[in-house]
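What follows is a single structure, written as structure tokens, with notes after it.
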Amino acid sequence: MNQILQQLINGFSIGSVYALMAVGYSLVYSIMNFSNFAHGGVIMLGAYFGFFFITLFKMPFWVAFIGAGICSMLVAVLVERMAYKPLRARNAPFLYFMISAMGASMFIENFVIATIGPTFRTYPQIFPAEPFSLGGIYVGRLDMMMFLISAVSLIALVYFIECTKLGKAIQATAFNPRASALMGINTDSVILTVFGLGGFLAGIAGVLFGMKYTVYPQIGFITIKSFIAAVFGGLGSLPGAVIGSFILGIVETMVSGYIMSQYRDLISFSLLILILVFKPMGLMGKSVEDKA
Amino acid sequence: AGCSNQGQGPAGGDVVKIGWIGSLTGDTAVWGQSELNTLELLAGELNASGGLLGKKIHIVGYDTRGDATEAVNAVKRLVSQDKVVAIIGPNASSSAMAISGTLEEMKVPDIATVATNPKVTVMDGKVKPFNFRVCFIDPYQGAVAAGYAFDVLGFRKAAVLYDVADEYSQGLAEFFIKTFEEKGGQIVAKEAFKSGDTDFRPQLAKIKATNPEVIFMPYYFKEAALSAKQARDLGIKSVLMGGDGWPSDTLLEMAGDAVEGSYFVNHLDFDDPEVQDFKQRYNAKYGKMPELNGYLAHDAFMVLVDAVKRANSFDPVAIRDALETVDIEGITGKIKIGKDTHNPEGKEAAIIKIEGGKYKFQQKYAVTD
Amino acid sequence: MNWFYIEGVLILAGINIIAVLGLSLLTGFTGLFSFGHAGFMAIGAYSAVYFGERMGLPFAVSVVAGGLVAGLVSLFIGRLTLKLKGDYFCIATLGFGEAIRLVLDNVQVFGGARGWPGIPLKVDLVTVTIFNIVGILFLMFLINSRHGRSMIAVREEELAAKVIGIDTYRYKVISLFISAVYAGIAGGLLGYYLTFLQPKLFGLQKSTEYTIMVIFGGIGSISGSVLAAFILTVLPEMLRSFAVWRFVIYGAAVIFIMIARPQGLMGGKEITLKGIAGILGIPGRNRKTARSGEV
Amino acid sequence: MELLRLENLTKTFGGLTAVKDVNFTVNEGSISGLIGPNGAGKTTIFNLITGIYKVTRGAIYFQNVPIHDKEPHVIAGMGITRTFQNIRLFKNLTVYQNVLTACHHNADYGIFDAALRLKKFRRQERELKEFAGRLLELMELSGWKDKVANSLPYGLQRRLEIARALALKPKLLLLDEPAAGMNPDETRQLMNLIRRIRDEFGCTILVIEHHMDLIMGICDNIIVLNFGKKLAEGPPEKIQQDPLVIEAYLGEGGMPGA
Amino acid sequence: MLEIKNLHAYYGGIHALKGVGISVSEGEIVTIIGANGAGKSTLLNAVSGIVRYREGSIFFKGKPLPRLPHLIVKRGIVQVPEGRLIFANLTVKDNLMLGAYLRSDKEGIKRDLEKVYELFPRLKEREKQMAGTLSGGEQQMLAIGRGLMSNPELILLDEPSLGLAPIMVETIFRVIKDIKNLGKTILLVEQNAYKALSTADSAYMLEQGRVVKSGRAADLINDPGVKESYLGVKVNNRS
Ligand SMILES: Nc1ncnc2c1ncn2[C@@H]1O[C@H](COP(=O)(O)OP(=O)(O)OP(=O)(O)O)[C@@H](O)[C@H]1O
Ligand SMILES: Nc1ncnc2c1ncn2[C@@H]1O[C@H](COP(=O)(O)OP(=O)(O)OP(=O)(O)O)[C@@H](O)[C@H]1O
Ligand SMILES: [Mg+2]
Ligand SMILES: [Mg+2]
């Protein structure tokens, strides 16, 4: 019994890591309709920013945390300007954005290897390491923080997108930049806002991730899981991304814990495909009939 | 098109090129860069003291990203374009196995650093003529770990956590289990994860339920540190044990108390004075400590130098012949290449324990059979 | 003896070209994105080597048979996933590719994660060239037929394709099947060239590289795909001396070409004999290149 | 001779009933009109006939064969095709390629015929190309042959859609607002074209239009929809006078000059 | 109010506008007629900033017009584009509210929303429906309503009657007059030349990127050339 509970907690905590990354990724996806593969790279940079702010510049944690968010925001905006904007200007199909994003991701990762080096770096201990223990079940402090932060950012984002004018403008711009411009929307700055927000989320996700695990040039790779989680939940749906993340986290945990860890990913992928067979747009994805 | 080089540098002049391949990028870049740094350090020192057979040594290193296909390309370029006389590296067994054909075709010897798969040098009972290595092999290391755990530490119940997508980890796990069970021990859990994972709690929670005395964790230090930490977070008190993927300053930094009291199998005793000397020279030049691969690259270079000297020639085939009879004392131990295996025969493993946040050499340990 | 190295790179380029040709049909012409083609390659590679080394089939037969096995698997995968749209299909293939790798990592008969060494070297430049020529011709002929046009229609506007009587699902299946066969054959060749197989060789990275090549060459262009596969195989080799900066430059180059030529190298056009003649100033039709499907 | 028959056709979207118990038949060789206010369900009926939407209730028979449970491409294969209200061309392909693609139905060579360039392939392909060329000429699109569909003016895009549909040699052609965006002169040309298509291709035509000149000018029979239900049916003269139709659709001004 | 001089626009190699000049005075309805491909939409798009022009100038209320669409909207010019360009993934209401994107007078927005709903009751019924699933005519209503929501000084209408039922066409032209009576200026492109000319004050006729005729709408409607090509030979029997 204890073990099941513990596994559930583990699943939730892994899920919150995925969720934290998935929110930012899914934000850009839901708005821009393409998979921003550079998101992982920005997360990784966020982890480095936070690391250097704390170790080199001796900043207090929260300052470093927000600072890393802001720096990552700048990076994301820069990536948008360099790699996506010229494509947008030509109305290129989403495939091209995806490839450009892959290029950017490759560039960022290898740039870090070439300049900072491939070594692993560890955040100093900031929060007490001992997990809370409740009758033999252990809950990490950082895990709870990640859970909270992903919940808060999800709610804030959903509110922002669904209930504010700028949020609507963002959705409109994504659907048709040209028509949006005709509404008086400054599409350029709207898109920058989206990438900025996504970047900020990536940055703070990176810091938390770096603190929980470690910092190295390939940590961005883990975002592939949040990509999968977002599909689970239904692409373009922010709550879907978060729910998908938790489901993936728990499924992975349960498979590792009770079936066979060797085939964990095999089983999660099979489950994914099974879900898609029955719900082709994921759990919460909107399916719009193609109106002829 | 198998025409070999005749020991001449490209200009026929004073420089002789030695190749290196390994990963400078990708997720194993840490180890590759350490190897290349070591070779450049040693070559510089050698050149400063008059070179080798009167010639200056130049190291040409190419990145493989840890990918076997790239390794083949890199070797082809080294032997045909750069005309190296011998190659050091790679660290990945897969790359080392993939390049055998090319080496044989071009008749240039290669000395692998940390490629521990038995099939790197021997295939179907036949030794591959141009593949050599300076490290001991997976079965040996797995057996050493299992033997030490069973015989010396007296454990009877072991669990194994390994990286299913990693050749090295899979190899070690397999041979550990085999030996441990042969000795009469019991493997109570065998769990896996996949390269790139950062969270191991589900597997560890499952392992915890089986109450092992020791958990064998044959993978690299990043995962080792993470899984050790997470194991302690889950309240696991078992002794942890690892292989030669563990030793690194980063491990201690990352894992802190979590690995206190753990054991691992190593190629060398870090406190050995010769090792210390090398460490300092490396640190002086690069401002950081070498990773384990650096030590083995060091010995590979020593082995090569010895072979060249004895062959008294830069002819790759002559070097190859001389490599078969190498018998030197490296910083990772005695290296006597076996003619039929091209492995360092009877190379003893060092058992290291982590105590007080430091690596404490326990003993040299060898399994007989 | 530079040739030895160049030959090696050329062989590899040739193998990549075959895989990219297949993917080009799927992505470039049918408009389906796959991040799992390395998985088909792995299936092709392992089965080819199995047929050749364990069952003793002749080399060419086993490579083609390996391709067909990959194709058969694709039929199964396609059945489950081809109804999915856009990124959903893409992630499903990604999952499939990773799953294949995971299975191979665990199957010890084929060496598991530790790989399968000691495969005899049976691939040389001539073999690869022959496979390439056949592969290119087959694809060219297919594209310039009603079947190829139907696939393009699926890419362009699926609904319109349906109402003009194109069985879009069937064409997606065919396209996936053929591309999987190509990938499988490329895998078999790779195995017999490297003389070594390992699941790690067929990771997500490989799948994405191939996708990049297709887009880089230009959607819906066979010659573009060939050119891109060639350039992007050779480029990292040329950059070899940049050591750690190699993939920084590579990444930047990918972005640059997308920005500078968002339609890819060939942008849906084909290099034709006529076009080459035009460039050389030989009289004839004045158009430098011809749109695909118009030949 | 009856070609198409709708029986109690109903389609709902969630709570919204877009088409409700609609019955009508289309006779072979006729030109029929389907009109009604915006949102009356006309396009939805086209979507149901062509299999793009699944029928909620009721049935559709084509040559007395039920088709309401068939896939769009099967229905197209039986000889029903259409144009779209929101133009759906293969935007990035040329005019010629658009038509040639749709010609595929007139050939039956297989993949291996194509890959090996067998005789069958060469002969049929030559025929397809000739046919596509003729079609472009007939539709007066030859001058635009190599232009990318996307860059054509609106009116020509509509004409191209018709050409593409005709490439199937359909028995029943459904046109959804073919004259939208055309001026009266062009509309008149289109009327002639539609008649010619009926005569030369021997196909039956069902057309949705809001240009009353066109509807009244060429239709043998007109079906009027309102709120998803059939409001009236009959020849133009009768529909024009029908007070219900005037009230719901034509308006007090009656037929404007378009 | 709007002064266009010698405008040249290109699509790649296609010379779509060849020196077009047009002037629109405040409070007027000006219509542009012309065959398919004459360049009517291109002209409107050039004014609203979606199409770049290479030569020529556009002055609005005596000042040169900026070239970026959102700045142009700020100056009080809005376009109801050809082909509607509604936001299919948003609800009807969201679409309308986006029309009022640059406005911040809550009261005024509310009032205008009511007005649009009054004009097109169908839109109110479908307030929450995804715009992409509306019927063609409903979408056209939405596009016009959305344009009105920005409360512009000058409104550019590109074929507003496209796809509308006859009874709706009547309504639309009535609306156009209503808008004019509110003191707004309208530039109208229409295929329904008869309706357009009878509604407008002045008119321009475009052919292959050039203005070939211009004058008072009432004069053009009786011009034999115009009659032949744009009004249809058959003079309507019921109007
Ligand atoms: N996929 C859908 N989801 C929800 N409602 C829909 C969908 N498709 C159509 N409708 C609704 O059904 C009704 C009928 O639409 P339809 O497109 O058939 O109208 P129509 O008669 O073609 O009108 P128009 O002349 O304006 O094109 C409309 O009110 C429309 O909003
Ligand atoms: N995106 C484009 N690319 C290339 N050419 C274009 C493009 N848009 C328009 N054209 C060309 O520019 C010319 C003018 O087109 P425009 O759309 O302005 O005509 P229009 O008068 O609005 O016609 P319609 O009545 O059909 O709407 C046409 O020859 C058309 O082919
Ligand atoms: Mg309609
Ligand atoms: Mg127009």
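So you know, we letter chains A, B, ... as the sequences are listed, proteins then strands, and number each from 1. Quick note: numbers below take in every heavy atom, side chains included, and nothing from hydrogens, waters or symmetry partners. Just so it is clear, the structure is predicted and the values come from calculations on it, not from any experiment.
Within 6.0 Å of atom CZ in C/Phe230, 12 or fewer heavy atoms from other residues, nucleotides or ligands are found, so the atom counts as exposed in its surroundings. In this structure, B/Lys285 places its NZ atom where more than 12 heavy-atom neighbours from other residues, nucleotides or ligands lie under 6.0 Å away. For C/Phe256, the CZ atom is loosely surrounded, since the number of other residues' heavy atoms within 6.0 Å does not exceed 12. Within 6.0 Å of the NZ atom in B/Lys190, the count of heavy atoms belonging to other residues, nucleotides or ligands does not exceed 12. Counted within 6.0 Å of NZ on C/Lys200, heavy atoms from surrounding residues, nucleotides or ligands total more than 12; the atom is thus considered enclosed.
Heavy-atom distances place no part of C/Ile119 under 4.5 Å from chain B, backbone and side chain included. Contacts of C/Leu12 with chain B are made by side-chain atoms alone, with heavy-atom separations under 4.5 Å and no backbone atom involved. For chain C, the nearby part of B/Asp138 is the side chain; its heavy atoms alone come within less than 4.5 Å. Neither the backbone nor the side chain of C/Leu197 comes within contact range of chain B, judged by heavy atoms closer than 4.5 Å. Residue contact with chain B, scored on non-hydrogen atoms closer than 4.5 Å, involves the backbone and the side chain of C/Pro117 alike.
With contacts defined as side-chain heavy-atom distances shorter than 4.5 Å, the pair C/Arg114/B/Ser93 does not qualify. Taking the side chain as every heavy atom from C-beta outward, B/Thr69 and C/Tyr193 never approach each other to under 4.5 Å. Using a 4.5 Å cut-off on side-chain heavy atoms (C-beta onward), C/Arg240 and B/Gln81 make no contact. The shortest side-chain heavy-atom distance between C/Val244 and B/Asp63 does not fall under the 4.5 Å cut-off.
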task = Apply side chain to side chain contact (heavy atoms under 4.5 Å, CB included) to the pair B/Ser94 and C/Phe196, showing each step before the final yes or no.
result = CA-CA 8 Å; B/Ser94 52; C/Phe196 173 71; 3.3 Å; yes
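Cation-pi geometry between B/Lys76 and C/Tyr5 is not met: the NZ or CZ atom fails to fall both under 6.0 Å from the ring centre and inside 45° of the normal.
Chain C forms more heavy-atom pairs under 4.5 Å with one residue of B/Glu70, B/Lys128, B/Met97, B/Arg65 than with any other, namely B/Arg65. Of the listed residues (B/Ala192, B/Gly101, B/Ala98), the greatest number of heavy-atom pairs within a distance under 4.5 Å of chain C belongs to B/Ala98. By number of non-hydrogen pairs under 4.5 angstrom with chain C, the leading residue of B/Gly66, B/Ala74, B/Ser195 is B/Ala74.
Scanning residues 39-61 of chain C against chain B with a 4.5 Å heavy-atom cutoff picks out nothing at all. Near-neighbour residues of residues 18-33 of chain B relative to chain C, defined by a heavy atom under 4.5 Å from a heavy atom of that chain, comprise B/Leu24, B/Thr25, B/Gln33. Applying a 4.5 Å heavy-atom cutoff, the residues of residues 204-213 of chain C that approach chain B are C/Gln205, C/Lys206, C/Glu209. At a heavy-atom cut-off of under 4.5 Å, chain C is reached by B/Tyr162, B/Val164, B/Ala165, B/Asp166, B/Glu167 from residues 161-169 of chain B, listed in order of number.
Here the side chain of B/Gln170 pairs a donor or acceptor atom with the backbone of C/Asp105 at under 3.5 angstrom.
Residues C/Glu237 and B/Arg77 share a closest heavy-atom pair of O-NH1, 2.7 Å. Here the shortest heavy-atom pairing between C/Arg246 and B/Thr64 reads NH2-N, 4.5 Å.
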